[in-house]
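Letters A, B, ... are given to chains in the order of the sequence lines, protein chains preceding strands, and every chain is numbered from 1.
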Protein chains: 2
Amino acid sequence: MTKFNRSVERSMKIIEVISGSGVTSLAFLADQTGLPKATILRICATLVKQRWLTQSRSDSRYRIGPSFPRLSATPDSVDAIIDAGKSEIVALTESTGLAVDLAVSIGNGRVEIVDTTRHFIQHGIFPDTIGYRPSPFRSALGSAFLAALDAEELTTYSTKLAENTRGKDREAAMNFPKRLLEVRKNGFASREEAYWGRAVDYGGTPSAIGVAIQADKKALGAMSLVWLAEKRTVASVVEAHLDQLSMAAVSIGQQLS
Amino acid sequence: MTKFNRSVERSMKIIEVISGSGVTSLAFLADQTGLPKATILRICATLVKQRWLTQSRSDSRYRIGPSFPRLSATPDSVDAIIDAGKSEIVALTESTGLAVDLAVSIGNGRVEIVDTTRHFIQHGIFPDTIGYRPSPFRSALGSAFLAALDAEELTTYSTKLAENTRGKDREAAMNFPKRLLEVRKNGFASREEAYWGRAVDYGGTPSAIGVAIQADKKALGAMSLVWLAEKRTVASVVEAHLDQLSMAAVSIGQQLS
DNA sequence: CATATACATTCCACCTGGTGAAACGCATGC
DNA sequence: GCATGCGTTTCACCAGGTGGAATGTATATG
C-alpha cells in the first residue's frame with residue numbers, strides 16, 4: 001500500500017481554507033484546520049517563500065500569492081516586480097519614514113497594488129491595500145502609470161477607461177490630458193486632493209506622490225509614497241523625497257531588463 | 001528564524017512541473033525535480049487522494065485534478081461598485097450608527113468584502129474584513145447575494161458550492177432552499193446565529209442583515225449592516241434601518257446601470 | 001498614556017513520520 | 001526470449017517535523 005504524506009495533506013488543507021475564505025489570519029487557519037499554530041506557521045512560511053501565498057506586512061495575514069499555479073498564466077514580470085520591489089520599498093520607507101505602495105499593470109491601463117509598507121501605527125493610514133486597484137485618473141499610482149505609457153497605448157486605453165467611468169471619475173477623465181502634461185513635466189503624479197477611493201480611507205485621507213516603473217522604456221507598474229494628508233504638504237515631500245522615490249523606481253526597472 | 005517544511009517544498013515543485021507541462025509521468029517528474037521516485041510517488045498519491053491531481057487509468061500519468069483551487073480573476077465591475085458604494089456606505093453608517101460592509105461578486109456564487117465602515121464604530125466588531133470571503137450559506141452577505149441570483153445561475157452555483165464545503169457549511173448548504181425562500185420573502189438575509197466568521201476570539205458575536213446589489217436585474221454584490229449581537233436584536237434593526245439599507249443598495253445599483 | 005488582550009512568533013525536547021536505495025513486477029519492443 | 005524502462009513496494013534508519021509553552025507585538029479602550 002502506498003503511504004501518504006501528512007505534511008502535504010496539511011498544506012492542502014491550509015491552501016483550501018485560504019483560497020475559500022480570502023484573506024485569513026493564522027488564528028483563523030488554526031481554528032478551521034484544527035492544527036497547532038506552530039505547524040501552520042511553518043507550512044505557511046514555506047508557501048510564502050515560493051510566493052504561493054503572500055503575507056501582509058502590517059498584520060501578517062495570508063492570501064493567495066502571485067506564483068500560485070493558475071490556469072491562465074500571469075506574466076512573469078508581475079512576479080519579478082514584486083520580488084525586486086520588496087527590498088526597495090522597505091528601504092524607501094526606512095529612509096523617508098513614509099509608507100510606500102507598489103503596483104503592477106493589469107493590462108487595461110490600470111494597476112493593482114501588490115505590496116505595501118503601510119503600517120497603521122506608524123503612518124496613520126489604512127494599511128490593508130493589497131489587491132486594490134486605484135483610480136487611473138485620480139490616484140497617484142494610476143496616473144503615474146498612465147503618463148508613462150507610450151502614445152499608442154495611451155490612446156487605446158484612456159478612451160476605453162473614460163467610457164466605463166461615471167461621476168467624479170468621469171470628470172477626472174475629461175481633465176486628464178491637462179494632468180498628463182503636468183505629470184510628465186514634474187516627473188511625478190500626485191493624488192487628487194481630498195480624493196478618497198474607499199470608505200476605509202474616509203476620515204484619514206491620504207496624500208501620495210507616484211512614479212512609474214519601467215523596463216526597456218515599457219511601463220510595467222508604479223510606486224508611490226503615501227502619508228496622512230494633514231501631516232505634510234505634497235510640496236514638502238517632493239522637496240525632501242522625490243529623488244529617492246524616482247531612484248528606487250529606476251532601480252526596480254533595471255532589475256527587470 | 002522560522003523553519004520551512006521540506007515535504008511542502010517538494011510538493012510545490014512537483015505541482016509546478018505538472019501545471020507547467022500538462023500531463024506528466026513519474027519518470028519525467030523525477031528527472032525535472034531531481035527527487036527519488038518513491039518520494040514523488042508518495043506525494044503524488046497524497047495529491048491524487050484529495051483530487052488536486054488525477055491519474056490516468058491506463059498509464060498512470062498525472063495531470064491537474066478537479067479539486068485543485070482555481071482562482072477567479074477580479075472583474076472590472078469591482079472598481080465601479082467600490083466607487084459607487086463608498087459614499088453610500090459612509091452615509092448609511094452616519095445615519096444608522098451601525099457598521100456597513102460592501103461585497104462584490106467574484107464568480108462561482110461567492111462574494112468578497114471590498115470596503116467597510118467598521119473602523120468608524122467604537123467597541124467595534126472585528127475590524128479587518130477587507131478581502132474576506134464570507135460563507136455563501138451562513139453569512140448575511142453571502143446568502144443575500146445567492147438569493148438574488150436568477151434560477152439558472154443559482155442551480156449551477158449552489159450544487160457546485162455544496163460539493164466543496166465541509167462541516168457546518170455543508171449543513172447550511174443542505175438547508176439553504178428553505179432559507180432562500182425566507183430571504184426572498186423578507187427582503188433581506190441575516191447571519192446564521194452560530195456563524196463566527198473569521199475572528200476566532202475577538203470581542204462579541206456580530207449580527208448582520210444583508211441585501212443584494214443589482215444592476216439591470218443582475219446581482220453584482222451585496223451590502224450589510226453589522227452590529228454586536230448583544231446590543232440589539234435583528235428585529236429592531238430591521239424595523240429601524242432595513243429601508244435605508246435597501247435604498248442604499250438600489251441607489252448603488254442605479255449608478256451602475 | 002497605561003493597561004488589557006488577542007494574535008503572531010520563537011523555542012526546544014521528543015519521537016514519529018518521512019526517506020530513498022534496492023528489490024520487485026509488469027509491460028513493451030527488438 | 002531477453003533487454004529495457006517504467007511504476008510500485010519494501011524496510012531499516014534517523015533527519016525532520018512536531019506542538020505545548022514561553023515570549024514578542026500590535027491594537028483597543030478608559
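- Five base pairs at each end of the helix from C:dC1-D:dG30 to C:dC30-D:dG1 define two local axes, and these are offset by 50° (rounded to 10°).
- Regarding B:His119, its NE2 atom lies at a distance of 8 Å from the P atom of D:dA28, rounded to whole Å.
- Side-chain contact between B:Leu41 and B:Leu26 is present, with at least one heavy-atom pair separated by less than 4.5 Å.
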Each nucleotide of nucleotides 16-23 of chain C classed B (base within 4.0 Å of a protein heavy atom), S (only sugar-phosphate) or -, in 5' to 3' order, makes -SSBBB--
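- Among the heavy atoms of the strands, none lies under 4.0 Å from A:Glu9.
- Proximity of B:Ile18 to B:Leu29: side-chain heavy atoms (C-beta onward) are separated by under 4.5 Å at one or more points.
- One atom, CD1 of A:Ile40, and another, P of C:dT9, lie 12 Å apart when rounded to the nearest Å.
- B:Phe68 does not carry B:Arg51 over the face of its six-membered ring by the limits of under 6.0 Å from the centre and within 45° of the normal.
- Residue pairs satisfying the side-chain hydrogen bond (donor to acceptor under 3.5 Å, both in side chains) criterion with at least one member in residues 9-19 of chain B, sequence neighbours excluded, are listed as follows: A:Lys49-B:Glu9, A:Trp52-B:Glu16.
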Should A:Thr117 and A:Thr93 be marked as a side-chain hydrogen bond (donor to acceptor under 3.5 Å, both in side chains) after you check the CA-CA gap, both sets of side-chain angles, and the distance that decides it? CA-CA 7 Å; A:Thr117 63; A:Thr93 287; 2.5 Å; yes
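- Atom C1' of nucleotide D:dA28 and atom CZ of B:Arg118 are separated by 16 Å, given to the nearest angstrom.
- If you measure from atom CZ of A:Phe126 to atom P of D:dA26, you get 18 Å, rounded to the nearest angstrom.
- Applying the side-chain contact (heavy atoms from CB on, under 4.5 Å) test to A:Thr96 and every residue at least two apart in sequence or in another chain returns A:Leu92, A:Leu98, A:Leu225, A:His241, A:Gln244.
- At whole-Å resolution of the value, CG in A:Asp59 and C1' in C:dA6 are 13 Å apart.
- Rounded to an integer number of Å, the gap from A:Leu26 CG to D:dA26 P is 16 Å.
- Residue pairs meeting the salt bridge (charged side-chain N to carboxylate O under 4.0 Å, His left out) criterion with at least one member in residues 81-108 of chain B, sequence neighbours excluded, are B:Asp83-B:Lys86, B:Asp101-B:Arg118.
- Sorted by first then second residue, the ring-ring contact (aromatic ring centres under 6.0 Å, His included) pairs that include residues 15-39 of chain B, not counting sequence neighbours, number zero.
- B:Ser139 places a side-chain N or O within donor-acceptor distance of the main-chain N or O of B:Ser135, the cut-off being under 3.5 Å.
- Between B:Lys37 atom NZ and D:dG5 atom P there is a gap of 11 Å when expressed in whole angstrom units.
- Straight-line distance from the CD atom of A:Gln32 to the P atom of C:dC7: 13 Å, rounded to whole Å.
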